[in-house]
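A short worksheet on the structure shown next.
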Amino acid sequence: IEAQAYGHLARNWDITAAIALMTGEIVEGTPQTEGRRPLGVPSVSGSVWSVYRFAGDWEAGGGAFWSSEKFLDDQNRGKLPEYYRFDATVAYVRPKYELRLNLFNVFDEQYYYGGYQNSPSRVLPGQPREMQLTLLYRL
């Protein structure tokens with residue numbers, strides 16, 4: 001089940017929130033995996049994102065993403081802990097172009113995104129703090 005809500009907190013202030021509830025199950029597999037939760041599938045995940053548009057074509061925003069714990073392999077022998085990640089953005093937006101600076105993982109939180117090669121001892125690390133500058137031009 002997935003739900004998303006979008007609204008205006010004020011005239012120039014938008015918010016989006018989403019949640020996903022998942023009950024993944026392996027229905028066909030080996031005797032060790034049948035009935036288990038597939039690797040990398042959290043039972044709950046969600047996000048909140050908000051953007052405020054200032055006078056003069058500037059906007060700024062940020063939000064959070066959360067994931068509950070998830071298994072490292074299809075036999076459910078190891079788990080990744082839940083994690084939170086915070087992102088931010090600032091942009092100059094015009095009708096023909098947009099210049100945007102994004103900051104991912106603002107607090108440089110160390111987290112793990114998933115398992116690797118269906119092994120309980122191998123993990124995929126999450127994205128470290130990173131900045132991205134983009135220019136979008138509309139034809």
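Computed from heavy atoms alone, side chains included, the values below leave out hydrogens, waters and symmetry copies.
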- Counting only heavy atoms not in Q132, do more than 12 fall under 6.0 Å of its CD?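 Check passes, neighbour count above 12.
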- Message: Is it the case that over 12 heavy atoms from other parts of the model lie below 6.0 angstrom from the OH atom of Y113?
- Response: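 No, the 6.0 Å shell around OH holds no more than 12 heavy atoms from other groups.
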- Message: For a side-chain contact (heavy atoms from CB on, under 4.5 Å) check, start with the C-alpha distance between N102 and T134, then their side-chain angles and the critical distance, and finish with the verdict.
- Response: CA-CA 8 Å; N102 285 18; T134 57; 5.7 Å; no
Do [X] and [Y] have side chains that get closer than 4.5 Å, going by heavy atoms?
X: V44; Y: I19; result: yes
X: T89; Y: W49; result: yes
X: W13; Y: S50; result: yes

- Task: List in chain and number order the residues that pass side chain to side chain donor-acceptor pair (under 3.5 Å) with D74, two or more places apart in sequence or in another chain; answer none if no residue qualifies.
- Result: N118
Could you pull out all residues at least two apart from [X] that satisfy salt bridge (charged side-chain N to carboxylate O under 4.0 Å, His left out)?
X: E69; value: K79
X: D14; value: R53
X: R77; value: D73
X: R11; value: none

In this structure, would [X] and [Y] fall into the same cluster of hydrophobic residues linked by side-chain contacts under 4.5 Å?
X: V48; Y: F104; value: no
X: L136; Y: V90; value: no
X: V41; Y: I1; value: no
X: Y6; Y: L9; value: no
X: L99; Y: L139; value: yes

- Sequence neighbours left out, what pairs pass side-chain hydrogen bond (donor to acceptor under 3.5 Å, both in side chains) with at least one residue falling in residues 34-46?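 Pairs touching residues 34-46 that pass the test: S43-S68.
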Sequence neighbours excluded, which residues qualify as ring pair (Phe, Tyr, Trp, His ring centres under 6.0 Å) partners of [X]?
X: Y97; answer: none
X: Y112; answer: none
X: F107; answer: F86

- Here the gap from I26 atom CD1 to E28 atom CD, rounded to the nearest 0.5 Å, amounts to 11.5 Å
- Message: Measuring from atom OH of Y84 to atom CZ of F65, what distance do you get when rounded to the nearest 0.5 angstrom?
- Response: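 Taking OH in Y84 and CZ in F65, the distance rounds to 11.5 Å.
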- Message: Once side-chain contact (heavy atoms from CB on, under 4.5 Å) is applied, do any residues pair with E109, and if so which ones, sequence neighbours excluded?
- Response: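 Residues passing side-chain contact (heavy atoms from CB on, under 4.5 Å) with E109: N105.
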- Item | Stepwise side-chain contact (heavy atoms from CB on, under 4.5 Å) check, L80 with L72 | CA-CA 7 Å; L80 292 172; L72 284 167; 3.6 Å; yes
- Provide the full list of salt bridge (Lys or Arg N to Asp or Glu O under 4.0 Å) pairs with a residue in residues 124-139, sequence neighbours left out, each pair given once. E98-R138
Please set out all donor-acceptor pairs under 3.5 angstrom arising from side-chain atoms of residues 56-63, sequence neighbours excluded.
residue, atom, partner, partner atom, Å
D57, OD2, R94, NH1, 2.4
E59, OE2, R100, NH1, 3.3
E59, OE2, R100, NH2, 2.7

